[in-house]
Every structure is written in C-alpha cells, then in structure tokens.
Amino acid sequence: MKELDKLTTTELSTWVQQTKTQVKQGRIPDRIPKLALANPNWFAVHICCESQKTISFGDTSCVFPLMSVIKTFSLLYLLEHLGAETVFGWVGVEPSQAPFNSLEQLVSDGGRPRNPMINSGAITLADKLPGKDAKIRTLLFCQWLNQLAGCQLHLDEAMLTSVRLTRSKANEAIANHLAQIGHLENLEIALDTYEQICCLSGGVEDLALLGKLLAFANSYISTQNRTIVNAVMSTCGLYEASAEWAVRIGLPMKSGIGGGLVAIVPNEGAIACYSPALDTVGNPVAGLVFMEALSQNLQLSIFG
C-alpha cells in the first residue's frame, strides 16, 4: 500500500493542529479588499489518492480564489492545445531570484519571462489562451478544467470586481513592458484574462481534483506534458523560495495569494491545502508547515 493510502484522519488532525500554531507567523494580504476578509485561522486539507481513497480535514467548506495556483493549469492547458515548442517560445523555465511581480527581472532578462509561474510569464500566457476576449477565454478554460478533473470551479465575480478596483500597478507595468517589446497581442485582453482566471474559485476538494490530473497517468493529459508541468512546479512553483522547499518537502507544488496550495505526489495522489495567512514571499505559511510534516512523516519526497 502506498504511503498516502495509509494515512488516517487521526494522523491528519494531529498534524493540522500542530500546523495551526504557526499561523501567527503569516499575514493576510490586504491589497485586494475581498481577500483581506479571510480569517487567518482557517485551514483545510483534501487528499485524493490514485486508489480513489480521499481524506479531508478542517474548514473544507471554505471557497477561495485560486489566484496564482491557476498558473499551473494555464500552462498545462496551453501545452495540451499548442505544444511545448510553441509555449516555451514565449516563456522560459528558469527559476526566479526576484519576487513574483518583479518588473526589474523582466527588464534585465530582455523581456523574456523567466517561467510561467511568475506574473510576467502568466500574463504572457493569458494573452495566448484560446478565445476572442477575456470572458470567453476564461469560460473555455474553466469548462476544460471542470470537464477533465471533475471539479466545480466557477468565476467569483465579486472577487474579480475587488481585483479590478485595486489593479496591481506592478502587473500593469509588466504588461506594458511586454506589449512594448511585442510579446503581447492585446495588452488589455491579456491583463483582463489574467485577472479573470486568477479569480476562478473552488474549495480544497476542487483543487485536489485538479492536482490529480498531474499525479498519475490518465487518458486526458499527455505524459510528456504532465512531466513538464511537475518539473516547472518543482523549480518555480513557490517563487524564489522554490529551492528551499524542494529540499524540505521534495514535491512539485504551487501556491497562490488566495491561500491555496497544491502538491503532487507522483503515482500516488494530490494534496490541496487552504490557509490564507502568507509569508513574506507570498506562500501560505500553514500550508507549507503542514506539507513539510506530511512529507517527512510519510517520506513522500520525490528525491528519496
């Protein structure tokens, strides 16, 4: 029996209780008013195993915007529709040493986004999603994910309004630079698409179901594309802290400022956490503490 399959609710609850003592080390992001309403003590986890076993614990009824977690799946979507050669003509796969919304790094790199997991890369790929405008692109993308993963993502219109009212100046600057050097076909549609897909929302079960697409062989996603996405998550999914967590946890992961975190255990399953208090890099504090306890106790690291 695989390690995730052996996990009991008792073990899970013990690690969650230990994890929640660390929440005070993080803070709720306040730039987007609706995100700022989250309770820092909320915590939820849902695990989907290859065996079809599921286990969950905590505030699992919480619904949250995927925010940057969606970058993993927009990469997967474009790889499936357009192929790796095309996609990596637009963005690289190199880890970033700078924050996820750094214009300076984009400029110093000659306008080529380091990877799809930071904002410059994700805005570039949002510009390439199929569909004539942001609304249609988001709808097609959301339908594709829900159909393949069996999840129930939806666009949180209230969250989108909150994002639009406080549009990130850093993202505008990044998009302007990308447009000036000819990397965006339509600046406004690219930014609007990026903001809309970041507001696709669900619970931890939905996020774990998305993760299952990347966890083991299936008839929907090519093995090559699964491998590519997991590799990029491993090196870039937690921004400039990715290398540190690769050592401490050893799993492909992606975080978002909405508090979501998804981890892939290849050939075993997917783990999704929700914990809205973030560290200074922009990663969920409690989610990472929990994943470290889980990975070390069950010896889940892919590098073992």
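Numbering starts at 1 and runs along the sequence shown. As the structure is a computational prediction, the values presented were derived from the model and not from experiment.
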* Within a strict 4.5 Å, meaning less than it, do heavy atoms of the Ile47 and Leu12 side chains meet? -> yes

Rounded to the nearest 0.5 Å, the CE atom of Met159 sits from the CG atom of Leu200 at a distance of 12.0 Å

Distance col, row Ile174:CD1 vs Ile118:CD1, nearest 0.5 angstrom, shows 7.5 Å

task = Please confirm whether the backbone N or O of Ala36 pairs with a side-chain atom of Asp30, one donor and one acceptor, at under 3.5 Å?
result = no

inquiry  = Taking the side chain as everything from C-beta on, heavy atoms only, tell me whether Trp144 gets closer than 4.5 Å to Phe73.
reply    = no

Between Leu75 and Val87, the two heavy atoms sitting closest are CD1-CG1, 3.8 Å

Notebook entry, point to check: Among the clusters formed by ILVMFWY side chains lying less than 4.5 Å apart, do Ile136 and Ile123 turn up in the same one?
Noted result: no

Without swapping roles, check the side chain of Arg31 against the backbone of Thr166 for a donor-acceptor pair under 3.5 Å.
yes

Rounded to the nearest 0.5 angstrom, the CG-CD1 distance for Leu210 and Ile264 is 9.0 Å

ask   = Within a strict 4.5 Å, meaning less than it, do heavy atoms of the Leu261 and Phe290 side chains meet?
value = no

Heavy-atom nearest pair, Leu214 first then Met233, reads CD1-SD, 4.0 Å

Tightest non-hydrogen contact, residues Asn297 and Ala293, listed as ND2-O, 2.7 Å

For Thr124 and Pro113, the nearest pair of non-hydrogen atoms, with its separation, is OG1-CG, 3.5 Å

Check your understanding: For atom CD of Glu244, is the number of surrounding heavy atoms from other residues, nucleotides or ligands below 6.0 Å larger than 12?
Key -> yes

Using 30° and 60° as the class limits, which term best fits the ring planes of Trp42 and Tyr274: parallel, tilted or perpendicular? tilted

In this structure, OG of Ser56 is separated from CD1 of Ile271 (nearest 0.5 Å) by 13.0 Å

**Asked** Is there side-chain contact between Phe64 and Leu207, with heavy atoms separated by less than 4.5 Å?
**Response** yes

task = Answer yes when Lys135 and Asp192 have at least one side-chain N-carboxylate O distance shorter than 4.0 Å, and no when they do not.
result = no

side-chain contact (heavy atoms from CB on, under 4.5 Å) test vs Met117 passes for just one of Leu238, Thr235, Val69, Val232, namely Val232

**Asked** Under a 4.5 Å cut-off applied to non-hydrogen side-chain atoms, are Phe100 and Ile257 in contact?
**Response** yes

Backbone N or O of Thr193 within a donor-acceptor pair of the Arg137 side chain at under 3.5 Å? no

Heavy atoms of Ala190 and Ala126 approach each other most closely as O-CB, 3.6 Å

- Do any N or O atoms from the side chain of Arg112 and from the backbone of Val91 form a donor-acceptor pair under 3.5 angstrom? yes

Self-check item: Val163 and Cys198, any side-chain heavy atoms less than 4.5 Å apart
Solution: no

* Asked: In terms of side-chain heavy atoms, does Asn171 have a donor or acceptor partner in Asn119 at a distance below 3.5 Å?
  -> yes

### Query
Can you tell me if Asp59 uses its side chain to pair, donor with acceptor, with the backbone of Phe43 under 3.5 Å?
yes

(Q) Pair Arg114, Ser120 - check side-chain contact (heavy atoms from CB on, under 4.5 Å), show working. (A) CA-CA 8 Å; Arg114 281 275 173 118; Ser120 57; 6.0 Å; no

Quick one: do Val45 and Met291 end up in the same hydrophobic cluster if we chain Ile, Leu, Val, Met, Phe, Trp and Tyr together by side-chain heavy atoms under 4.5 Å apart? yes

Is it true that a side-chain atom of Asn225 and a backbone atom of Leu76 form a donor plus acceptor pair closer than 3.5 Å? no

### Message
Donor-acceptor pair, distance only, cut-off 3.5 Å: does the side chain of Ser295 make one with the backbone of Ile249?
### Response
yes

request  = Evaluate the criterion side-chain contact (heavy atoms from CB on, under 4.5 Å) for residue pair Thr60 and His46; output intermediate values, then yes/no.
outcome  = CA-CA 8 Å; Thr60 53; His46 188 94; 5.6 Å; no

Here the pair of heavy atoms bringing Ile181 nearest to Gly111 is CD1-CA, 3.3 Å

Residues at least two apart in sequence or cross-chain that pass side-chain contact (heavy atoms from CB on, under 4.5 Å) with Thr8, listed by chain then number, are Thr10, Glu11

For the hydrophobic clusters of this structure (ILVMFWY residues joined by side-chain heavy atoms under 4.5 Å, transitively), does one cluster hold both Leu35 and Leu165? no

query: Is there a side-chain contact between Gln299 and Glu3 (heavy atoms, below 4.5 Å)?
result: no

Rounding to 0.5 Å, atoms CD1 (Ile55) and CG (Asp5) come to a distance of 10.0 Å

Distance col, row Glu172:CD vs Leu103:CG, nearest 0.5 angstrom, shows 12.0 Å

Quick one: do Cys142 and His154 satisfy side-chain contact (heavy atoms from CB on, under 4.5 Å)? Show the steps, please.
-> CA-CA 7 Å; Cys142 187; His154 66 278; 5.7 Å; no

Practice task
Determine yes or no for a side-chain-to-main-chain donor-acceptor pair under 3.5 angstrom, with Lys6 supplying the side chain and Leu298 the backbone.
Solution key: no

- Do Ser102 side-chain atoms and Pro99 backbone N/O form a donor-acceptor pair below 3.5 Å? no

**Message:** Check for me, please, whether Val107 and Leu178 land in the same ILVMFWY cluster - side-chain distances under 4.5 Å, paths through other members count.
**Reply:** yes

task = Return yes if some donor-acceptor pair links the side-chain N/O of Glu268 with the main-chain N/O of Leu4 below 3.5 Å, else return no.
result = yes

Glu94, CD: over 12 other non-hydrogen atoms inside 6.0 angstrom:
yes

### Task
Report yes if the side chains of Tyr194 and Lys71 come closer than 4.5 Å at any heavy-atom pair, otherwise no.
yes

If hydrophobic clusters are built from ILVMFWY residues whose side chains come within less than 4.5 Å, do Leu294 and Val23 share one? no

(request) With side-chain contact (heavy atoms from CB on, under 4.5 Å) as the test, would you mind laying out the steps for Gln105 and Ser96 before giving the verdict? (result) CA-CA 8 Å; Gln105 182 155 75; Ser96 171; 2.4 Å; yes

